[in-house]
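Everything quoted here is computed from the prediction, not taken from an experiment.
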Amino acid sequence: MAQDEIHNQSDGNPLINPERDRLGYAPFAQYLADSICKMACPEGFAIAVYGSWGSGKSTLLNFVIHYLQQKPENERPIIVPFNPWLFSGNEDITRRFFDQLENVLSQQTSVPKGLRERIADIAKVISEIPLPYAQATKPVVRLFDEKEKETSEIKEEVEETLIQQTRRIVITVDDIDRLGSDDIRKLFRIFKAIPNFQNVVYLLVFDKEVAIKALAENEASLEKIIQFNFEVPIPDKISLRRLLFEKLDIVMADTPQELFDSIYWGNVYLQGIDKFINNLRDVVSLTNAITVIYPVVKGEVNPVDFIAIESMRLFCPIMYDIICKNYSLLIGEDSYSVEELKSILNSWLSQLSDEDKEPVKQILMQLFPKLELVWRHIYHDEQQQSLDYCKQLRICCPEIFPRYFRLTLSTGELSNHQIQSILALAGDTKAFGEKLLELANQKRPDGTTKVREFLERLEDDIANNIPQDNIPSIIQALLDVSDEILCPEDKPSGMFDLGNEIRIARIISRLLHRLDQPIRFEVMKKALAQNQRLSILVQKVAISSQ
């Protein structure tokens with residue numbers, strides 16, 4: 001299959017020729033076309049094919065039309081294609097529907113003379129019926145009843161002309177679910193008013209849930225209009241996989257060969273990504289994202305890791321966000337034991353649905369080999385492998401990691417893991433103080449420092465999460481570095497904003513109040529004795545403590 005043909009079916013553009021089918025829609029379409037031609041429908045029939053966005057329902061409709069057009073002349077129906085979305089908001093859909101019907105039928109020599117005029121009369125009557133009818137007042141209801149009667153009389157005249165011709169009329173309607181609610185109601189008013197013309201078959205494709213919502217009715221009401229319905233057939237897994245691979249070959253054709261390891265790709269895809277590719281919409285979403293984003297990072301990231309990370313962004317955004325914010329745990333050194341790491345990782349997975357947990361776990365272990373020690377007890381010599389990972393532009397290389405998130409809007413927010421890592425230093429006054437100074441030199445996108453964010457988060461954690469044994473060292477560290485973390489970037493930006501001075505004072509005050517009064521006094525006495533600068537902040541805290 002040519003590249004443009006693969007492109008069409010995998011990017012959401014409907015196909016027309018069944019010979020280009022990659023997902024098994026053609027046999028279903030041929031069967032449906034045969035049924036439409038052979039079924040007995042003396043009073044007309046309405047068939048619906050239900051499918052959500054990206055399910056391939058427009059392709060399926062095109063294939064049905066193709067097979068209808070291939071029928072022998074004596075079996076071939078008159079096909080009236082109508083796409084209401086093309087006229088939505090610009091022209092009256094009711095009028096456009098009947099104009100299309102008239103135009104097609106007038107070109108058919110087998111259609112009895114006068115049918116076009118009778119159809120025009122029906123169009124005029126139906127277009128005058130108020131919408132929505134359910135909310136009409138009594139005078140309008142009477143008008144509706146009169147119009148219904150008039151429609152019935154005209155319908156009998158149309159029936160008399162239809163009996164004179166033998167070719168079946170098939171009216172195909174696509175993109176109903178792309179209309180606004182008012183236009184959907186207008187269209188279904190047509191189907192409800194004239195569903196049973198002799199030898200006329202409606203073939204409608206749309207998202208059932210969208211139509212039900214627009215009609216403000218339940219499924220049973222919809223089925224009064226639809227005599228029979230199908231769901232768009234779901235392509236088999238092998239066909240979806242093959243289509244995805246062919247599309248990826250096109251999008252990533254210029255990828256340096258040395259960056260692609262087919263064995264690694266097989267492990268990442270089959271153990272993880274494949275679980276998220278369950279329908280054509282999934283293929284479309286992933287390939288569209290890669291088509292847009294990959295050119296920006298081509299040659300700067302590993303293609304396998306990039307596809308895996310994009311899969312997380314599309315199909316498991318919770319985990320994508322966690323990965324983005326937890327660089328140090330996934331790649332850097334940390335003070336956690338294996339059991340502590342396992343607890344953190346399992347808490348991440350607990351936020352996912354049951355069916356997503358295992359594939360996400362497998363993807364994480366492939367992307368970040370460090371995690372295999374936690375879940376598989378497999379040790380990797382990270383120092384030895386680090387050079388290889390960087391050469392392969394893997395996401396587990398510290399220098400490469402940020403490249404995978406270039407198009408992610410960073411908030412600069414400290415992750416929960418980062419907060420806990422900082423608090424783990426709270427028992428060491430010097431280490432904790434140095435970490436505060438480090439945060440004071442790190443800027444957020446809004447221009448403030450990360451130490452301001454940490455102080456705000458720290459105040460939230462005081463009540464339950466900070467052990468009492470760490471309170472003295474935290475207070476001492478805050479006093480020791482207080483002048484250095486009163487950053488100009490964190491000064492109040494307005495009358496209601498707070499500065500770091502107030503934040504530090506509140507934190508110290510709250511920490512002291514968690515201690516018994518005798519201990520509280522000794523802690524504050526010792527802290528003030530060791531702090532020789534006695535800044536204004538210290539004086540305020542001392543007064544507050546009293």
Legend entry - Interatomic distance, M39 atom CE to L32 atom CG [nearest 0.5 angstrom]: 9.5 Å
Legend entry - Identified salt bridge (Lys or Arg N to Asp or Glu O under 4.0 Å) counterpart of K57 within the set D207, D177, D174: D177
Legend entry - Any F315 side-chain heavy atom under 4.5 Å of K275 side chain: no
Inset, instruction - Report the residues that fulfil disulfide (SG to SG under 2.5 Å) with C397, sequence neighbours left out, ordered by chain and then residue number. - result: C390
Inset, instruction - Taking the side chain as every heavy atom from C-beta outward, state whether K208 and E231 have any pair of such atoms under 4.5 Å apart. - result: yes
Legend entry - Whether D356 side chain and L352 backbone form a donor-acceptor pair below 3.5 Å: no
Legend entry - Check: C324 and Y404 side chains under 4.5 Å, non-hydrogen atoms: no
Inset, instruction - Could you walk me through whether L204 and V49 pass the side chain to side chain contact (heavy atoms under 4.5 Å, CB included) test, one step at a time? - result: CA-CA 6 Å; L204 318 173; V49 179; over 6 Å; no
Inset, instruction - Supply the atom-to-atom distance L23 CG to T59 OG1, rounded to the nearest 0.5 angstrom. - result: 8.5 Å
Legend entry - ring-ring contact (aromatic ring centres under 6.0 Å, His included) partners for F206, two or more places apart: Y50, F188
Legend entry - Side chain S239, main chain P235, donor-acceptor under 3.5 Å: no
Legend entry - E310/R313 ion pair, N-O < 4.0 Å: yes
With a 3.5 Å cut-off and sequence neighbours excluded, list the donor-acceptor pairs that the side chains of residues 293-307 form with protein atoms.
| unit_1 | atom_1 | unit_2 | atom_2 | d |
| --- | --- | --- | --- | --- |
| Y294 | OH | T255 | OG1 | 2.6 |
| E300 | OE1 | R406 | NH1 | 2.7 |
| E300 | OE1 | R406 | NH2 | 2.6 |
| N302 | OD1 | V304 | N | 3.0 |
| N302 | OD1 | D305 | N | 3.2 |
| N302 | ND2 | L259 | O | 3.1 |
| N302 | ND2 | Q392 | O | 3.0 |
| D305 | OD1 | Y264 | OH | 2.5 |
| D305 | OD2 | R394 | NE | 3.0 |
| D305 | OD2 | I395 | N | 2.9 |

Legend entry - Pairing residues for S55 by the side chain to side chain donor-acceptor pair (under 3.5 Å) criterion, not counting sequence neighbours: none
Inset, instruction - Measure the CD1-CD1 distance between I273 and I309 for me, rounded to the nearest 0.5 Å. - result: 9.5 Å
Legend entry - Considering all heavy atoms, the nearest L243-L280 contact: CD2-CD1, 3.9 Å
Legend entry - Contact check, side chains of L187 and I176, non-hydrogen atoms, under 4.5 Å: yes
Inset, instruction - For A308 and I363, work out which heavy atoms get closest and say how close. - result: CB-CG2, 4.2 Å
Inset, instruction - Using a 4.5 Å cut-off on heavy atoms from C-beta on, say whether the side chain of R76 contacts that of L68. - result: no
Legend entry - Exam field: side chain N326 to backbone I322, donor-acceptor pair closer than 3.5 Å: yes
Inset, instruction - Output, in order, the C-alpha distance, side-chain angles, deciding distance and verdict of side chain to side chain contact (heavy atoms under 4.5 Å, CB included) for I290 and N288. - result: CA-CA 6 Å; I290 293 174; N288 281 352; over 6 Å; no
Legend entry - Considering all heavy atoms, the nearest I36-I47 contact: CG1-CD1, 4.1 Å
Legend entry - Salt-bridge present (R242, E246; N to O < 4.0 Å): yes
Legend entry - Closest approach of L286 to L314 (non-hydrogen atoms, all atoms of both residues): CA-CD1, 3.5 Å
Inset, instruction - Working to the nearest 0.5 Å, report the span between CE of M319 and OG of S311. - result: 14.0 Å
Inset, instruction - Give a yes or no answer on whether the side chain of N62 reaches the backbone of L15 with a donor-acceptor pair at less than 3.5 Å. - result: yes
Legend entry - Heavy-atom side-chain proximity of I184 to D182 below 4.5 angstrom: no
Inset, instruction - Output the distance between atom CD (E209) and atom OG (S52), rounded to the nearest 0.5 Å. - result: 10.0 Å
Legend entry - Backbone of I277 reached by a side-chain donor or acceptor of K237 within 3.5 Å: yes
Inset, instruction - Can you label the angle between the F230 ring and the F28 ring as parallel, tilted or perpendicular, going by 30° and 60°? - result: perpendicular
Inset, instruction - Return the set of residues passing ring-ring contact (aromatic ring centres under 6.0 Å, His included) with F401 (not counting sequence neighbours), or none when no residue passes. - result: Y327, F405
Inset, instruction - Under the side chain to side chain contact (heavy atoms under 4.5 Å, CB included) rule, what do F63 and N17 come out as? Steps first, then yes or no, please. - result: CA-CA 6 Å; F63 288 177; N17 189 344; 5.7 Å; no
Inset, instruction - Could you list the residues that satisfy ring-ring contact (aromatic ring centres under 6.0 Å, His included) with Y31, not counting sequence neighbours? - result: none
Inset, instruction - Say whether, by atom type as modelled, one donor and one acceptor occur between the side chain of N346 and the main chain of K342 under 3.5 angstrom. - result: yes
Legend entry - SB check D34 K38 (cutoff 4.0 Å): no
Inset, instruction - Determine whether V201 and R168 make a side-chain contact, defined as any pair of heavy atoms from C-beta on separated by less than 4.5 Å. - result: yes
Legend entry - Test item: S262 and F260 side chains (from C-beta on) under 4.5 Å apart, heavy atoms: yes
Legend entry - Backbone N/O of L329 and side chain of K370: donor-acceptor pair under 3.5 Å: yes
Inset, instruction - Using atom types as modelled and distance alone, determine if a side-chain donor or acceptor of Q271 lies under 3.5 Å from a backbone N or O of Q362. - result: no
Inset, instruction - Please step through side chain to side chain contact (heavy atoms under 4.5 Å, CB included) for the pair D282 and F276, ending with a clear verdict. - result: CA-CA 7 Å; D282 297 334; F276 297 106; 6.0 Å; no
Legend entry - Atom pair CG/CD1 of L349 and I318 - distance to nearest 0.5 Å: 11.0 Å
Legend entry - Heavy-atom closest contact (I79 atom, T172 atom, distance): CG2-CG2, 4.4 Å
Legend entry - P81 backbone acceptor or donor facing Q100 side chain under 3.5 Å: yes
Inset, instruction - Answer yes or no: is there a donor N or O on one side and an acceptor on the other, between the side chain of R185 and the main chain of A214, under 3.5 Å? - result: yes
Legend entry - Residue pair K71 / A33: nearest heavy atoms and the distance that separates them: CE-O, 4.4 Å
